[in-house]
Amino acid sequence: MSLLLDNQFAELPADKSVDTKTFLDNVSTLPPFFDCLGSKVFSIIKSDINGNITKIRAVYDQDPAKYVTLQDIVEAERETHKGQWPKVGATLALMWLKRGLRFIQVLLQSLADGDRDENNPNLIQVNITKAYEHALKKYHGWIVQKVFSAALIAAPYRSNFLKALSKGQEVKDEDCLANVRLFLVNYTPTVDAIYEMYSNLNAELDYTV
């Protein structure tokens with residue numbers, strides 16, 4: 001069974017609201033994805049995602065009936081924290097979490113689309129770079145960007161990465177990519193909906209770390 005399909009994301013309702021409990025249960029299965037990338041540098045992103053999930057869940061657990069959707073949490077914190085918002089609480093945690101989720105989405109979509117270095121077709125550096133530049137680079141300072149560039153050297157072969165996604169099972173690349181495409185069907189709209197919510201609520205921040 002594919003690592004990605006262990007807890008498949010559900011289709012969003014018409015209003016694009018994201019159920020908090022379901023979302024947290026789903027994303028909690030994703031951190032092992034970064035183990036598939038090999039380099040310990042990616043463990044930083046994994047740790048960041050785990051930490052942000054914990055922060056959001058802590059807020060949700062305070063009042064599950066109040067925080068049914070992610071937007072319920074963000075809007076409640078806007079009222080509670082006033083001038084400190086959005087750089088506070090679960091709002092800030094979700095802001096960074098969605099960027100990690102976008103990294104996963106762009107990387108997987110790039111693989112599914114067949115993007116590759118024609119001179120080194122069994123490397124995934126092209127795919128990882130595309131994901132990083134799209135989702136995280138603008139929020140990282142010069143030092144972090146250099147660390148990430150160095151990590152690319154240790155990126156796994158495409159075949160090994162796909163095998164890792166299949167939990168080490170011998171699965172044909174195309175079968176693995178079919179699972180990737182299936183995973184993205186509901187995953188991508190969920191990530192898009194969170195980005196749209198942040199845009200609509202003017203909750204996005206552009207500072208670097």
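None of the values given here were measured: they were computed from a predicted structure.
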Could you go through Leu177 and Leu111, starting from their C-alpha distance and side-chain angles, then the distance that decides it, and tell me whether this counts as side-chain contact (heavy atoms from CB on, under 4.5 Å)? CA-CA 8 Å; Leu177 290 173; Leu111 285 165; 4.2 Å; yes

Glu174/Arg181 ion pair, N-O < 4.0 Å: yes

Residues two or more places apart in sequence or in another chain: which of them pass side-chain hydrogen bond (donor to acceptor under 3.5 Å, both in side chains) with Lys55? none

Excluding sequence neighbours, so at least two apart, what forms ring pair (Phe, Tyr, Trp, His ring centres under 6.0 Å) with His140? Tyr132

To the nearest 0.5 Å, tell me how far Arg78 CZ sits from Asn202 CG. 9.5 Å

Within the side chain of Asn122, is there an N or O that forms a donor-acceptor pair under 3.5 Å with the backbone of Ser159? yes

Taking the side chain as every heavy atom from C-beta outward, state whether Thr91 and Met95 have any pair of such atoms under 4.5 Å apart. no

Do Leu92 and Trp85 have side chains that get closer than 4.5 Å, going by heavy atoms? no

If two hydrophobic side chains count as joined below 4.5 Å and joins carry through other members, does Ile49 share a cluster with Leu205? yes

Chi angles and distances behind the side-chain contact (heavy atoms from CB on, under 4.5 Å) call for Leu165, Asn179: CA-CA 10 Å; Leu165 285 183; Asn179 286 334; over 6 Å; no

Testing the basics here: between Pro156 and Cys36, what is the closest heavy-atom pair and its distance to 0.1 Å? CG-O, 3.5 Å

Any side-chain heavy-atom pair of Val171 and Leu162 under 4.5 Å: no

Any donor-acceptor pair under 3.5 Å from Gln125 side chain to Asp117 backbone: no

Non-hydrogen side-chain atoms of Trp142 and Thr208 separated by less than 4.5 Å: no

Would the distance check show the side chain of Asn7 and the main-chain N or O of Asp25 forming a donor-acceptor pair, the cut-off being under 3.5 Å? yes

Quick one: pull up CZ in Phe33 and CG in Leu3 and give me the separation to the nearest 0.5 Å. 8.5 Å

Taking atom CG as the centre, does Asp15 end up with more than 12 heavy-atom neighbours from other residues, nucleotides or ligands that are less than 6.0 angstrom away? yes

What do the steps show when you test Val18 against Met197 for side-chain contact (heavy atoms from CB on, under 4.5 Å), and what is the final call? CA-CA 10 Å; Val18 181; Met197 176 183 70; over 6 Å; no

Rounding to 0.5 Å, atoms CG (Asp19) and CG (Leu12) come to a distance of 10.0 Å

Has Thr20 got a side-chain atom pairing as donor or acceptor with Tyr67's backbone, closer than 3.5 angstrom? yes

Strictly under 6.0 Å, is that where the ring centroids of Trp96 and Tyr207 end up? yes

Heavy atoms, side chains only, cut-off 4.5 Å: are Leu37 and Phe161 in contact? yes

Yes or no on side-chain contact (heavy atoms from CB on, under 4.5 Å) for Tyr198 and Leu94, after CA distance, side-chain angles and deciding distance? CA-CA 10 Å; Tyr198 269 69; Leu94 182 58; 3.1 Å; yes

Within the distance-only criterion (no hydrogens, no angle test), does the side chain of Ser199 pair as donor or acceptor with the backbone N or O of Tyr195 below 3.5 angstrom? no

Quick check with a 6.0 Å cut-off and a 45 degree axis cone: is Lys21 positioned over the face of Tyr60's six-membered ring? no

Are the side chains of Glu204 and Lys98 in contact, using a 4.5 Å heavy-atom criterion? yes

Separation of Leu97 CG from Asn50 CG (nearest 0.5 Å): 10.0 Å

Is it true that Lys167 and Asp6 make a salt bridge, defined as a side-chain N closer than 4.0 Å to a carboxylate O? yes

Determine, using the 4.5 Å side-chain heavy-atom cutoff (strictly less than), whether Ile153 and Val126 are members of one ILVMFWY cluster. no

Determine whether Ile128 and Phe148 make a side-chain contact, defined as any pair of heavy atoms from C-beta on separated by less than 4.5 Å. yes

Looking only at atom types and distance, does a side-chain atom of Thr29 sit under 3.5 Å from a main-chain N or O of Asn26, one as donor and one as acceptor? yes

Is there a donor-acceptor pair closer than 3.5 Å between any side-chain N or O of Asp48 and the backbone N or O of Ile44? no

In Å and rounded to the nearest 0.5 Å, what is the CD1 to CG distance from Ile124 to Asp115? 12.5 Å

So does Val106 get a backbone contact from the side chain of Ser110, meaning a donor-acceptor N/O pair under 3.5 Å? no

Donor-acceptor under 3.5 Å (Glu77 side chain, Ala90 main chain): yes

Do Asp72 and Thr69 get their side chains close enough for a donor-acceptor pair, meaning under 3.5 Å? yes

Whether Lys16 and Asp192 form a salt bridge (side-chain N of Lys/Arg under 4.0 Å from carboxylate O of Asp/Glu) is what I want to check. no

Separation of Ser149 OG from Lys137 NZ (nearest 0.5 Å): 7.0 Å

For Tyr187, enumerate each residue passing the ring pair (Phe, Tyr, Trp, His ring centres under 6.0 Å) test, keeping only those at least two apart in sequence or located in another chain. Phe9, Phe183

Is the number of heavy atoms from other residues, nucleotides or ligands within 6.0 Å of CD (Glu79) greater than 12? yes

Donor-acceptor pair, distance only, cut-off 3.5 Å: does the side chain of Asn120 make one with the backbone of Leu123? no

Report yes if some heavy atom in the side chain of Leu30 is under 4.5 Å from a heavy atom in the side chain of Leu101; otherwise report no. yes

